[in-house]
Each structure stands twice: as structure tokens, then as C-alpha cells.
Amino acid sequence: SYISHSNNDRFPIGIGIQIAGCLSVALGICIEKYAIVKLESNSESKSVTTDPTYLMGFGLFIFGNALSALALSYAAASILAPLSCLNIVANVFFSSWLLSEKVTINDITSTCIILTGAATVVIFSSDLDESEEEARLSARCDAPHDKMFMSGFENTSETGQCSQEQ
């Protein structure tokens, strides 16, 4: 269910877990790429499925995605989803460190824009709790001036939610 951070002291824990998950995913991807490049440069043909470095990267990738799923029990998905862009940001730094990829001014500028957007979403996110959000949406469905914009939809009294007409 929806967990509001306005009355929930576990909200920062969810943000922290999501950030850790994003970092783990990005690091795992870079380690996988490092292992593939290393295997391609070797003369002996070895499968990535048996390479310990590749498997470590894959494990970090899986672990990071599991952390992201866990974060959903502490904070709303609408807050956590924008933080997924941190995978890209972390990948810029991990790839320059592990893969010796060149970081350009465009990479740095883009990274700053991404971080600003993610921070803005988290900072200015809705602080309505679940009952307030349901009441706001129900009132929105009942508003007469919105009915013309919602042609094909009607308010169902049993659920209080907008539903599409058959």
C-alpha cells in the first residue's frame, strides 16, 4: 500500500535503500562489462557464465534490484522511481573508474541535470496520506466541470473511484 512520508519516519530509509540499490546495479553492470572485455582480450575462450568476475557483477546487479524492491516497503513508488536515474549517474563514474572510459563535459552536465531533477521530485513530492489522496481523487471525479473532460468515465458509488463506462 501507499506509504506517505509525511507521517512515516521510515521514508528516509526507503530513499537510502533505493540509492544503495541503484549504486549496486550500476557497479554490477560495470563489473560485468569489465569481465566481458577481459575475456575477449584473452586468447583462451572462456564462458562468462563461469567467470567469477562476471558472476560477481551479475550478483551485484541482482542484489541492487532486490534492494530497489525492498525500498518500496518504506517509501512510495512515485518517490523512488525517479531515483532510478541514479543508475545512469553512477554508471558514468564507475565506467570511468573500472573501464577507463572518458567522462566528457556533456556527461558531467547531463549528470547534474539528472541529479537536480531527481532531487526536485523527492523534495517536492506529495505529502498527502492515503485517505487524503483518495478524498482528493474522489472529489476530482465528482467535480461537474471535469465531467466534460472525462467523457466515457463515470463515478462508481461503490468504490468512489472513476471507472470507464462499458
Side-chain angles (χ1 to χ4, degrees), residues 1-37 48 51-143 146 149-150 153 159-163:
S1 72
Y2 172 79
I3 298 176
S4 170
H5 64 273
S6 64
N7 57 7
N8 189 335
D9 58 348
R10 297 179 345 152
F11 169 72
I13 296 170
I15 297 294
I17 292 171
Q18 178 72 2
I19 291 170
C22 290
L23 293 174
S24 179
V25 166
L27 182 60
I29 289 171
C30 287
I31 290 173
E32 288 175 314
K33 176 69 175 178
Y34 175 81
I36 290 169
V37 169
V48 293
D51 183 68
T53 305
Y54 181 86
L55 293 174
M56 181 178 70
F58 187 70
L60 282 170
F61 177 81
I62 297 296
F63 178 70
N65 281 298
L67 285 177
S68 292
L70 176 65
L72 291 170
S73 65
Y74 292 96
S78 60
I79 306 303
L80 298 176
L83 292 175
S84 294
C85 68
L86 296 177
N87 290 346
I88 298 166
V89 172
N91 198 320
V92 168
F93 296 105
F94 290 143
S95 64
S96 68
W97 171 54
L98 280 174
L99 305 171
S100 301
E101 292 182 3
K102 183 181 174 191
V103 177
T104 66
I105 191 70
N106 287 341
D107 294 330
I108 294 169
T109 303
S110 300
T111 298
C112 290
I113 292 170
I114 289 169
L115 289 174
T116 301
T120 301
V121 169
V122 171
I123 291 169
F124 295 106
S125 63
S126 172
D127 60 353
L128 297 176
D129 68 17
E130 186 174 357
S131 61
E132 291 171 329
E133 185 69 16
E134 286 176 3
R136 186 184 67 79
L137 290 173
S138 179
R140 184 86 175 148
C141 290
D142 292 335
D146 284 343
F149 296 111
M150 297 174 60
F153 289 86
T159 63
Q161 298 175 352
C162 294
S163 62

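The structure displayed is predicted, hence computed values, not measured ones.
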Which atom names give the shortest non-hydrogen contact between [X] and [Y], and what distance separates them?
X      : Y      : result
Ile79  : Val121 : CD1-O, 4.5 Å
Thr111 : Phe93  : CG2-CE1, 4.1 Å
Ala26  : Ala90  : CB-CB, 3.6 Å
Ala77  : Pro82  : O-CD, 4.4 Å
Gly14  : Ala71  : O-CB, 3.4 Å
Tyr54  : Ile36  : CE1-CD1, 4.0 Å

Requested in this report: Can you label the angle between the Phe61 ring and the Phe58 ring as parallel, tilted or perpendicular, going by 30° and 60°?
Outcome: parallel
To the nearest 0.5 Å, what is the distance between [atom1] ([X]) and [atom2] ([Y])?
X      : Y      : atom1 : atom2 : result
Glu32  : Asp51  : CD    : CG    : 10.5 Å
Thr120 : Leu115 : OG1   : CG    : 10.5 Å
Leu80  : Ser68  : CG    : OG    : 8.0 Å
Leu27  : Trp97  : CG    : CH2   : 6.0 Å
Leu67  : Leu23  : CG    : CG    : 10.0 Å
Asn106 : Thr109 : CG    : OG1   : 6.0 Å

**Report entry** Side-chain H-bond candidate by donor/acceptor type, Ser110 with Asp107, under 3.5 Å
**Finding:**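 No pair is found: no donor N or O on one side chain lies under 3.5 Å from an acceptor on the other.
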Query - Member of Ile17, Ile19, Ile13 meeting the side chain to side chain contact (heavy atoms under 4.5 Å, CB included) criterion with Ile15 - result: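 Exactly one option meets the side chain to side chain contact (heavy atoms under 4.5 Å, CB included) with Ile15, and it is Ile19.
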Query - Donor-acceptor contact present, side-chain Ser24 to main-chain Ala20, <3.5 Å - result: no
Query raised in the report: Does a side-chain heavy-atom distance below 4.5 Å link Ile114 with Leu86?
Result: no
Query raised in the report: Does the side chain to side chain contact (heavy atoms under 4.5 Å, CB included) test come out yes or no for Ile62 and Val25, once each step is laid out?
Result: CA-CA 7 Å; Ile62 297 296; Val25 166; over 6 Å; no
